[in-house]
Amino acid sequence: MGKRGRAARRRTHPALIGGVVAVVAGGAGFAAYSMYGATADGDTTAGGTAKTFKAGPVTAAEVRATADGFLTAWQGGSAAKAAAYTDDTAAAQTALTGFRKNAYIDDVMLTRGEASGATVTFKVSGTVSYKGKSKPLAYDSQLTVVRRAKDGKPLVGWQPSVVHPDLKQGDTLVTDEAGDPPVKAVDRNGAELTEANYPSLGTVLDGLREKYGKKAGGTAGIELRVVRGDSADAAQKDDGSGKSEESDDETPDKTLLTLSDGTPGTLKTTLSATTQAAAEREVGERKRASIVVMKPSTGEILAAANSSHGFNTALQGSLAPGSTMKIVTSSMLLEKDLASIDKPHPCPKYASYGGWKFQNVEKFEIKNGTFRSSFAASCNTAFITQAEKLDDDDLTKQAQQVFGLGLNNWSIGVSSFDGAVPVQSNAQMAASLIGQGGVRMNPLNVASIISTAKTGVFRQPYLVSPDVDHRTLATAARKLDASAQTQLHELLNYTAMSGSAAEAMAGVGSDIGGKTGSAEVDGQTKPNGWFTAWRGDLAAAAVVQQGGRGGKSTGPLVAAVLKAGS
């Protein structure tokens with residue numbers, strides 16, 4: 001972060017109406033409400049002491065008066081007075097002081113909107129000025145009035161988002177030379193990747209700038225931005241080599257206003273503009289859909305897209321993967337000789353373990369079936385019946401040692417969640433065999449799983465080449481047993497050609513494999529639909545939350561992107 005210089009700043013001189021600072025509200029001024037010497041209902045007593053304390057919800061009059069007093073003091077530049085109208089004076093005073101001293105925002109005008117219950121919306125406008133550069137700033141925010149339990153006083157319930165809606169606990173607003181120069185991210189063929197053209201890449205591009213802005217050779221501009229509260233922790237993790245740890249909950253700083261542009265450096269990614277465009281198009285036609293596409297032979301990520309453009313579920317989500325986890329479980333059963341592709345294998349309607357009774361979708365059963373038929377039909381009980389032959393940590397070891405999951409050591413170029421397969425016992429252990437229990441994945445993890453199944457070797461996914469920053473990619477302890485890999489490859493191909501994935505994969509090609517999945521989630525009327533598949537050297541995995549069965553809800557999404565991908 002660049003050093004802050006002292007900028008010449010214009011001080012606001014609010015108009016006085018009867019000796020009281022005025023705040024514009026609905027086109028008219030309103031008088032400041034004095035919290036000192038006032039009761040909760042606005043009455044005062046001689047000497048300015050409260051007559052009565054009120055309980056229960058705040059009244060409309062209290063909401064207006066409290067909001068007016070807070071906004072008046074904030075606009076007038078008195079952080080201490082404004083903070084006194086809140087239920088956390090220390091935190092509020094720090095944030096409101098920083099609003100002017102660290103963010104360099106002056107000429108502040110606050111315009112109150114209408115109240116909805118205890119919540120009041122308001123507009124913020126001002127001027128950001130730093131080192132001779134100035135730009136106007138305008139945004140909407142809101143506050144909520146609460147009643148303090150100990151004395152009934154109505155106060156603004158303090159949240160950092162009152163100052164700016166993008167602020168969370170520990171975040172600050174800062175205007176100075178940008179800590180990270182801008183980057184011009186390009187795809188594998190040199191085509192520029194922008195948020196305007198690829199909306200799902202917004203958080204990815206922010207993350208790339210934060211990690212590679214300085215390495216890409218650009219120069220920083222001047223910005224107003226949200227500096228995340230975990231930035232200091234991340235800086236402490238830097239070992240001096242320029243490499244800092246990535247965590248699954250890291251959120252990049254966010255630029256709110258650019259006063260002067262820096263000079264971007266060019267950063268090449270593994271993404272494919274063609275594949276990304278197809279992924280964006282397909283998730284855009286569905287609610288709460290996320291997909292990742294990668295190359296099994298290298299680990300290169302070709303696309304990552306989400307229907308919603310806030311949290312990046314495709315790379316950072318933590319969801320039960322349902323039956324797509326049976327790929328990992330099957331590899332383990334095959335290696336342990338607890339299953340073989342064309343040997344008889346039980347698939348009853350029900351199977352119990354650890355006090356839980358498990359069943360198949362619509363309570364189907366396969367009489368005199370093989371492991372091939374059980375896998376292709378995604379038979380739950382075919383896996384639950386094997387739980388008694390397994391140790392509690394067998395699935396965890398398989399996921400970590402063969403598939404590289406759950407070790408928190410992936411370094412893809414931006415923050416990601418590497419999956420979790422915890423050691424469990426009893427019914428939870430059995431549930432984990434079919435992707436429930438404590439197992440958690442995202443489309444990135446599941447795309448990696450089917451890629452490992454196709455090639456027999458875990459190759460850590462990445463979207464920036466390790467050659468750029470000389471980082472070390474994660475590896476697995478061992479390869480999948482050759483016999484197990486051959487059988488698993490055939491199971492996935494059979495499922496895509498003749499099993500539960502066949503309808504979605506029809507017409508995709510001949511060198512294909514796939515697996516359907518669905519995951520029950522408490523409180524949802526429909527399960528999350530999962531689907532993962534490969535076509536040649538393309539592998540993809542997607543989830544549609546509350547989409548229903550994966551073959552119907554998510555399979556067409558994956559198939560369409562695989563057809564269009566390159």
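Here the structure is a predicted model, which means the values were calculated and not measured. Hydrogens, waters and symmetry mates are skipped; everything else that's a heavy atom, side chains included, is used.
One distance of note links CD of Gln142 with CG of Asp140; it measures 9.5 Å at 0.5 Å rounding. For the atom pair CD (Gln75) and CZ (Phe70), the distance works out to 12.0 Å, reported to the nearest 0.5 Å. Interatomic distance, NZ of Lys101 versus OG1 of Thr175, reported as 15.5 Å (0.5 Å rounding). One finds the OG atom of Ser518 at 12.5 Å from the NZ atom of Lys526 (value rounded to the nearest 0.5 Å). We find the CD1-OG distance between Ile105 and Ser129 to be 10.0 Å, quoted to the nearest 0.5 Å. Atom-to-atom distance recorded for Leu315:CG and Ile412:CD1 is 4.5 Å, nearest 0.5 angstrom.
Evaluation of the ring-ring contact (aromatic ring centres under 6.0 Å, His included) test over residues 264-293, restricted to residues two or more places apart or in two chains, returns none.
With hydrogens and angles ignored, the 3.5 Å screen pairs no side-chain donor or acceptor of Asn102 with any backbone N or O of Val174. Asp187 contributes no side-chain N or O that, together with a main-chain N or O of Leu193, makes up a donor-acceptor pair within less than 3.5 Å. The main-chain N or O of Gln546 is found under 3.5 Å from a side-chain atom of Asn528 such that the two form a donor-acceptor pair. Distance alone, capped at 3.5 Å, places no donor-acceptor pair between the Ser141 side chain and the Val163 backbone. The main-chain N or O of Gly529 is found under 3.5 Å from a side-chain atom of Thr554 such that the two form a donor-acceptor pair. Side-chain N or O atoms of Gln93 include none that pairs as donor or acceptor with a backbone N or O of Ala83 at under 3.5 Å. Side-chain atoms of Thr194 come within 3.5 Å of backbone N or O of Asn197 as a donor-acceptor pair. Side chain of Asp87 to main chain of Val146: no donor-acceptor pair is present (N/O by atom type, distance under 3.5 Å, no hydrogens or angles). Between the side chain of Thr59 and the backbone N or O of Glu62 there is at least one donor-acceptor pair closer than 3.5 Å. Judged by distance alone, with hydrogens and angles left aside, the side-chain atoms of Thr532 form no donor-acceptor pair with the main-chain N or O of Ala447 at under 3.5 Å.
For Ala67 against Val120, the heavy-atom pair with the smallest separation is CB-CG2, 4.1 Å. Among all heavy-atom pairs drawn from Pro321 and Met441, the shortest one is CG-CG, 3.6 Å. Closest of all the heavy-atom pairs between Arg147 and Val58 is NH2-CA, 3.3 Å. When every heavy atom of Pro252 is checked against every heavy atom of Arg228, the shortest pair comes out as O-NE, 3.1 Å. Nearest heavy atoms, Tyr130 versus Glu177: CE2-N, 4.1 Å. Heavy atoms only, all atoms of each residue included: Met294 and Pro461 are closest at CE-CG, 4.0 Å.
A salt bridge is absent between Lys168 and Asp171; no separation between the charged side-chain nitrogens and carboxylate oxygens falls under 4.0 Å. In summary, Arg471 and Asp469 engage in a salt bridge, as defined by a charged side-chain N under 4.0 Å from a carboxylate O.
Residues Tyr198 and Val204 fail the side-chain proximity criterion, which asks for heavy atoms closer than 4.5 Å. With contacts defined as side-chain heavy-atom distances shorter than 4.5 Å, the pair Pro443/Ile291 does not qualify. Leu444 is listed as a side-chain neighbour of Ser416, based on a closest heavy-atom distance under 4.5 Å. Looking only at side-chain heavy atoms (C-beta outward), Arg100 and Val108 come within less than 4.5 Å of each other. Taking 4.5 Å as the limit, some side-chain heavy atom of Gln316 sits within range of a side-chain heavy atom of Ser415. By the 4.5 Å heavy-atom criterion applied to side chains, Val226 and Leu173 are counted as neighbours. Looking at Thr66 and Leu143, their side chains never come closer than 4.5 Å, going by heavy atoms from C-beta outward. Side-chain contact between Leu463 and Leu208 is present, with heavy atoms from C-beta onward closer than 4.5 Å.
Scanning for ring pair (Phe, Tyr, Trp, His ring centres under 6.0 Å) contacts around Phe99 gives Trp74, with sequence neighbours left out.
Each of Asp166, Asp176, Asp206 was evaluated against Arg225; a single residue qualifies, Asp176, per the salt bridge (Lys or Arg N to Asp or Glu O under 4.0 Å) test. None of Gln276, Glu195, Glu280 except one satisfies the side chain to side chain donor-acceptor pair (under 3.5 Å) rule with Ser200; the exception is Glu280.
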For this session: I would like to know whether Thr144 and Gln159 meet side-chain contact (heavy atoms from CB on, under 4.5 Å); could you show each step before the answer?
Result: CA-CA 9 Å; Thr144 299; Gln159 296 290 338; over 6 Å; no

For this session: List the steps, then state whether side-chain contact (heavy atoms from CB on, under 4.5 Å) holds for Lys211 with Val464.
Result: CA-CA 11 Å; Lys211 188 172 180 66; Val464 176; over 6 Å; no

For this session: Kindly determine whether Tyr462 and Thr269 satisfy side-chain contact (heavy atoms from CB on, under 4.5 Å), including the steps that lead there.
Result: CA-CA 9 Å; Tyr462 62 92; Thr269 71; over 6 Å; no

Exercise. Passes side-chain contact (heavy atoms from CB on, under 4.5 Å), Trp410 versus Asn445? Steps please.
Worked result: CA-CA 10 Å; Trp410 291 15; Asn445 307 143; 3.6 Å; yes

Problem set entry | Stepwise side-chain hydrogen bond (donor to acceptor under 3.5 Å, both in side chains) test for Thr255 and Asp253 | CA-CA 7 Å; Thr255 298; Asp253 293 351; over 6 Å; no

Problem set entry | Worked check of salt bridge (Lys or Arg N to Asp or Glu O under 4.0 Å) between Glu192 and Lys268 | CA-CA 9 Å; Glu192 185 173 3; Lys268 185 176 182 179; over 6 Å; no

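For the 3.5 Å distance criterion, the side chains of Asn306 and Asn312 qualify, holding a donor opposite an acceptor. Residues Ser307 and Arg286 have side chains that never bring a donor and an acceptor to within less than 3.5 angstrom of each other.
More than 12 heavy atoms of other residues, nucleotides or ligands lie within 6.0 Å of NZ in Lys563, so this atom counts as buried by the packing criterion.
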